Amino acid sequence: MSKVMLGLSGGVDSAVAAYILKKQGYDVVCCFMRNRDSFANNDFLGNPTVDNDICPQEKDYNDAKKVAEKLNLPFLRIDFIKEYWDNVFTYFLEEYKKGRTPNPDIFCNKYIKFDSFLKFAKENNCDYIAMGHYAKRVDVGDKTYLYKAKDLSKDQTYFLSQISTYQLKSCLFPLGDILKSDVRKIAHELNLESVEDKKDSTGICFIGERNFKEFLKNYIPATQGEIVDIQTNRILGHHDGVMYYTLGQRKGLGIGGIKGEVAKGWFVCGKDVSKNILYVASGSEDEHLFSDYCLVTNLNLYNEKIPDNTHLFAKFRYRQQDLGVTLFNIDDTTIKLIFDKPYKSVTPGQAAVLYEDDGKCLGGGIIDKVFYKGKLKNF
RNA sequence: UGGGAUGUAGCCAAGUGGUAAGGCAACAGACUUUGACUCUGUCAUCUCGCUGGUUCGAUCCCAGCCAUCCCAG
């Protein structure tokens, strides 16, 4: 009987995943992961729970424990606080300091959930790990493929785009063929009271929902600068630091109406980190928000290399529609993606994840440089 | 100082003698394992620069004052 270590988070998804694996006949060991400590990590500004009697992580732990008890499964606990800080959070901050917009959860998967946790599982004689991810694994011969989950609205393959073939082969995805609504239904049937109606967690993994700017201020000093209209070079206002904004962002600029002009809202379309200038464009369809090709580094593919001139689909941001692109290889870990037509707000630091039109996820990389009409966009 | 123009919520901006459109911003909620986008809702009632007057009733009419801008000088 194969043994699986299941990451039980205290949410409904991993709880039902545990049940399914058990029902399928796996020998399941549950484990609660703790990767962050607000106090050890000096996280106070804008922390909504810093004064709570019970920290939300402990509530999650208790909820997870109840699930394990209900399902009659062994329950462990492990901390990866140092690993998270060293491999995920440090990278996250470095990217922000460069003015880019990283996706920490992709690296959390790569380095913590599918690496540190996998090693811990192996040390405990487990064959596989599993969690509550919505994704599908398909084995054909000795090859393993990753597909989008049946529940496309919950599909999380985007976050798995940096895991290696070995990591993929070590993981089971029990929720790949189940709709979220059915997950809730199963939780109710099992009377998993601690999680059945719990709201889905959002926000950065292990950090949670936050006023993002306040959170970053704990680690990156605020440096005021000018907000400049890219069309006319007018100074429209001031920002608290160029790194607090991402491309395409509308909220938080505080720019009101201007005499004699129709106010369409202002959107971030570029940044000059050295001069600390934030560039904005008026209206959501301004040309400056678009780009037509990009360079992607850190390319990670689960299987064979993709030939030049292949047309496929890319997701540039989580929960955004897949967009048609044509791929060209630069070297083993760098590709160029030419867009079918100009796309809005493709942002350096975010992941570009590659799909075939049947939902097969080929892998992905990190958007490094973005171009429009042959010119490098200045971010 | 003379002539002209304007003064409506944080910013733009409609408006009528009969009791204040809209947009932007902001805030809240929804959505969401990044950051965003998006959607929904809230947002002038000792109020329409101030003070008087006309009127049943004025933000809109009249007078004076104040402030700002433009042209003269």
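Below, chain A is the first sequence line, B the second, and so on; all start at residue 1. Please read all numbers here as calculations on a predicted model, not as lab measurements. Computation of the quantities below employed the complete heavy-atom set of this structure, encompassing side-chain atoms and omitting hydrogens, waters and symmetry-equivalent molecules.
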Would you please name every residue forming a side chain to side chain donor-acceptor pair (under 3.5 Å) with A/Asp229, sequence neighbours left out? A/Thr232, A/Arg234
Pairwise C1' distance, B/rG41 and B/rU59 [rounded to whole Å]: 28 Å
Could you list the residues that satisfy side chain to side chain donor-acceptor pair (under 3.5 Å) with A/Asp127, not counting sequence neighbours? none
Identify, with sequence neighbours excluded, every residue that meets salt bridge (charged side-chain N to carboxylate O under 4.0 Å, His left out) alongside A/Lys148. A/Asp322
How would RNA chain B look in dot-bracket form, 5' to 3', counting Watson-Crick and G-U wobble pairs with both distances under 3.5 Å and writing | for bases paired to another strand? (((((((..(((.....[...))).(((((.......)))))......(((((..]....)))))))))))).
Taking the same atom, C1', in B/rA9 and in B/rG2, what whole-Å distance lies between them? 36 Å
Strictly by side chain to side chain donor-acceptor pair (under 3.5 Å), give each pair with a member in residues 116-125 of chain A just once, sequence neighbours left out. A/Asp115-A/Lys119
Can you name the side chain to side chain donor-acceptor pair (under 3.5 Å) partners of A/His311, sequence neighbours left out? A/Asp340
In residues 318-325 of chain A, what residues come within less than 4.0 Å of RNA chain B, judged by heavy atoms? A/Tyr318, A/Arg319
Could you list all the side chain to side chain donor-acceptor pair (under 3.5 Å) pairs where at least one residue sits in residues 287-296 of chain A, not counting sequence neighbours? A/Asp286-A/His288, A/Glu287-A/Tyr372, A/Glu287-A/Lys373
Return a table of donor-acceptor pairs under 3.5 angstrom between the side chains of residues 359-370 of chain A and protein atoms on other chains or two or more places apart.
from	atom 1	to	atom 2	distance (Å)
A/Asp368	OD1	A/Arg100	NH1	2.8

List for me each residue that meets side chain to side chain donor-acceptor pair (under 3.5 Å) alongside A/Lys180, sequence neighbours excluded, and say none if there are none. A/Asp13, A/Asp200
Any pair with a residue in residues 324-356 of chain A that passes ring pair (Phe, Tyr, Trp, His ring centres under 6.0 Å), sequence neighbours left out, goes on the list, sorted by first then second residue, please. A/Phe316-A/Phe339, A/Phe339-A/Tyr343
What string of B, S and - do you get for nucleotides 22-27 of chain B, 5' to 3', if B is base contact, S is sugar-phosphate-only contact and - is no contact with any protein heavy atom under 4.0 Å? -BBSS-
Between B/rA13, B/rA36, B/rC31, spot the one nearest the side chain of A/Lys259, thanks. B/rA13
Between A/Thr101 and A/Thr347, is any side-chain donor less than 3.5 angstrom from a side-chain acceptor? no
Earlier contact from the 5' end, RNA chain B, for A/Lys344 and A/Pro102: A/Pro102
